[in-house]
Amino acid sequence: MDITTGIGLVAGVAVIATLILMGGDFGMFYDVHAIIIIGGGSLSATLIRFPLSAMLHGLPLGMKFAFTMRNITQRELVDEIAGLAEIMRKEGPIGLEKAETEDPFLAKGIRFVADGYDAGFIRDNLERDRDNFLTHLDEGQKIYRAIGDCAPAFGMIGTLIGMVQMFANMTDPSKLGPFMAVALLATLYGALVANLFCLPIADKLHVKLVDEEINRTLIIDGILMMREAKSPALVREMLLAYLPEKHRHSEDAAEGAPATA
């Protein structure tokens with residue numbers, strides 16, 4: 001689980017809740033009309049922007065990846081592929097039939113090599129799989145960003161509606177309070193939905209998308225080199241180029257460091 005997403009949301013909610021309780025109670029900040037204008041308005045505008053199929057794929061996939069992360073690091077992924085390349089070189093494709101991995105995309109590539117598919121088929125299939133996945137993940141981050149863009153705007157619309165209703169009922173003081181509440185709470189809800197949830201989720205998904213593109217491209221190159229029975233050392237060195245400089249030689253530097261008394 002990506003705990004930073006959860007910690008950020010919990011911390012943000014805790015800050016808002018603390019400020020509310022310091023000056024009143026939660027009942028003061030609840031208004032069904034403001035919820036309708038923010039929730040209904042933002043969803044309606046997002047449905048106009050995106051086809052239904054994109055929303056059905058993007059929203060759940062985006063939520064899943066915002067709160068989860070890979071079980072292994074990129075460096076561990078390189079080491080795992082290098083180990084598989086060594087099995088391939090020593091035992092051939094048959095040796096890969098018993099190989100296990102927690103990464104479904106890598107497991108698919110291993111299966112293709114073990115079944116003897118040619119390199120062109122493997123590349124085309126894996127690249128198509130990667131591109132489809134990245135497209136859906138990109139749709140997810142765009143949808144959350146669109147909701148984040150719409151929510152403050154509909155908060156302003158709710159504020160304007162509340163003010164119009166308030167001014168239209170100036171002769172009845174009992175109605176001024178509820179209409180003013182709609183005016184102010186709609187803006188509050190819109191700002192919270194956008195800046196505490198949707199826009200941060202969209203930014204997190206963009207980071208995850210870049211990471212997944214690197215990881216899956218790394219896996220494709222590793223699988224193809226494995227298919228050609230390249231040296232495990234060569235596979236490792238080629239794949240380390242995908243990693244940030246500080247992560248490429250961490251183990252080598254540790255092994256080569258002089259011992260201290």
Lys/Arg-Asp/Glu bridge criterion (N-O < 4.0 Å) met for Arg145, Asp203: yes
OH/Tyr117: more than 12 non-hydrogen atoms of other groups inside 6.0 Å: no
Other residues, nucleotides, ligands: >12 heavy atoms within 6.0 Å of Ile94 CD1: no
Neighbour count >12 (heavy atoms, 6.0 Å) for atom CG, Leu19: yes
NZ/Lys230: more than 12 non-hydrogen atoms of other groups inside 6.0 Å: no
Salt-bridge present (Arg75, Asp79; N to O < 4.0 Å): yes
Flag for Lys208-Thr68: side-chain donor and acceptor within less than 3.5 Å: no
Side-chain touch Thr159/Leu184, heavy atoms, less than 4.5 angstrom: no
Heavy-atom check, side chain of Asp138 versus side chain of His206, under 4.5 Å: no
Other residues, nucleotides, ligands: >12 heavy atoms within 6.0 Å of Met156 CE: no
Plane angle bin for Phe121 and Phe112 - parallel if under 30°, tilted between 30 and 60°, otherwise perpendicular: perpendicular
Aromatic ring proximity, centroids under 6.0 angstrom, Phe133 and Phe65: yes
